[in-house]
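Here's the structure, in structure tokens; my notes come after.
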There are 2 protein chains.
Amino acid sequence: MSLKKCVCVFHRAWDRMDATMVETTGEKLLYLTDEQLRQGIEAMFFAYRGFTADPDRILQDLAYGRAHHRAIHFINAQPGTTVNNLLNILGVTKQSLNRVLRTLVEDGLVEQQVGRKDRRERHLFLTEDGRALEARLSDAQRARMRDAYRHAGSDAVVGFRRVLEAMMDPEMRRAYTSLREGKE
Amino acid sequence: MSLKKCVCVFHRAWDRMDATMVETTGEKLLYLTDEQLRQGIEAMFFAYRGFTADPDRILQDLAYGRAHHRAIHFINAQPGTTVNNLLNILGVTKQSLNRVLRTLVEDGLVEQQVGRKDRRERHLFLTEDGRALEARLSDAQRARMRDAYRHAGSDAVVGFRRVLEAMMDPEMRRAYTSLREGKE
DNA sequence: CTTGGAATGTCAACAAGGCTGACATAATGT
DNA sequence: ACATTATGTCAGCCTTGTTGACATTCCAAG
């Protein structure tokens, strides 16, 4: 670890101790007050609301929820993925996923194919209708992401992604990068 | 608007049309493929999971959920806020918030004071215990945020915040900045 | 002053979507 | 043959969102 750290603690007019970390990485200094971190936390909260707002609006007319969106998204990203794989990506129980998956199959948005190599596995695919809905949802979400990127600028985008990736849990980061590599 | 835009659409080996936007801001060029946007969307999904993981672990021992965390967070940020104000910030119905608030009051984490000026209003405050729990929760969340910031670097942090702020809905951004100014 | 809205907050009932636990079925591997 | 794995299903619970009905309080028009 090539960074030298120096942690200073001092009192603020606020309501409790506030740790400020000063860190040197090359010539850069990084001051992180609790207040700045709090702002980051709130930014994350409000941004996630905006992030899901457009798909939520589309889905509520269809009697679907965020759970359906997530399933559709990742089946689209990895056509032919198994139930188990989806479970790991989404981080929910099989009973919970199964309920969502069942409605999607009943409504003709998702197809299940028995595995050729291992016939216990069910490989999941979007049907034509499923892809259509996925396109509607992700178009809306991409539009918002694109606007945000455009407004913030290209340098900001790089930083945005770096912080997000650093914020994931290690297993999540593995799932995330495997998805990225799969797509190339 | 000082930016010149050029939108090119072309076909990819993938599965459907992929719009690439090329945008000039000064000397910067910003290429945004659908694939890059998709990665941003997934990064947001996985990062939010990490973002809430630590508080969730703490809360599940206490029979509380994320809703309680949110309420505690914003009551702490704005002591004396009214139920209505909290409603606007959290974006839920008053009935839903009320249930959470009731348990917090019953458990002695939150106090309600009838408004002096308008006695219909209930002003909300954290008790000693409430502040203690808030500290536990936000310490955990700040630690993750701090690690992510540290790992990503100071330039990345600026970009992270810029993109998040651009991703909020306008009303949310207002709530967000008003909180920031209130704290100064 | 009275009275009818409007604003604020509470209670009750319900739905979505998480969870656990138990169990069935089919396929695989040893 | 037997244990293991992948999946599906049922029952029941919890959190957290929803709507509807209602009580309280304030304010303004008559």
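These numbers were taken from a predicted model, which means no experiment stands behind them. Just so it is clear: chains get the letters A, B, ... in the order the sequence lines come, proteins before strands, and each one is counted from 1.
- Annotation for A/R162: atom CZ does not count as buried by contact number, only 12 or fewer foreign heavy atoms lying within 6.0 Å.
- The shortest side-chain heavy-atom distance between A/F74 and B/E42 falls under the 4.5 Å cut-off.
- Nearest-nucleotide assignment on DNA chain C puts the 5′-proximal partner with B/R122, out of B/R122 and A/D118.
- Classification of A/R49 and B/D169 as a salt-bridged pair fails, no side-chain N sitting under 4.0 Å from a carboxylate O.
- Near-neighbour residues of DNA chain C inside residues 101-112 of chain A, defined by a heavy atom below 4.0 Å, are absent.
- For residues 55-75 of chain B, proximity to DNA chain D is found at B/A63, B/G65, B/R66, B/A67, B/H68, B/R70, defined as any non-hydrogen atom under 4.0 angstrom from a strand atom.
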Identify every side-chain donor-acceptor pair in residues 90-102 of chain A under 3.5 Å, counting partners at least two apart or on other chains, and give the distances.
unit_1: A/T93; atom_1: OG1; unit_2: A/S96; atom_2: N; d: 3.4

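- When DNA chain C is scanned 5' to 3' for any atom under 4.0 Å from a heavy atom of chain A, the first and last hits are C/dG17 to C/dT28.
- In this pair, A/Y149 and A/F160 present their aromatic rings perpendicular. The plane angle is above 60°, beyond the 30 to 60° band.
- Interface limits on DNA chain D: the 5'-most and 3'-most nucleotides within less than 4.0 Å of chain B heavy atoms are D/dT15 to D/dC26.
- Judged as a salt bridge (charged side-chain N to carboxylate O under 4.0 Å, His left out), and not counting sequence neighbours, A/E121 has no contacts.
- Along DNA chain C, the nucleotide nearest A/R120 and the nucleotide nearest A/Q95 are compared for position; the residue whose nucleotide lies closer to the 5' end is A/Q95.
- For the pair A/Y64 and A/H69, the minimum side-chain heavy-atom distance is 4.5 Å or more.
- A salt bridge is absent between A/D147 and A/R144; no separation between the charged side-chain nitrogens and carboxylate oxygens falls under 4.0 Å.
- Using a cutoff of 4.0 Å between basic side-chain nitrogens and carboxylate oxygens, B/R180 and A/E35 are not scored as salt-bridged.
- If you check every strand for non-hydrogen atoms under 4.0 Å, A/G91 touches sugar and phosphate atoms only.
- Centroid-to-centroid, the aromatic rings of B/Y48 and A/F45 stay 6.0 Å apart or farther.
- The residues A/R131 and A/E128 are annotated as salt-bridged, a charged nitrogen and a carboxylate oxygen being separated by less than 4.0 angstrom.
- Residues B/T52 and B/R66 bring a donor and an acceptor atom of their side chains to less than 3.5 Å of each other.
- Ring geometry, B/Y176 versus A/F46: the interplanar angle exceeds 60°, so the pair is classed perpendicular (tilted spans 30 to 60°).
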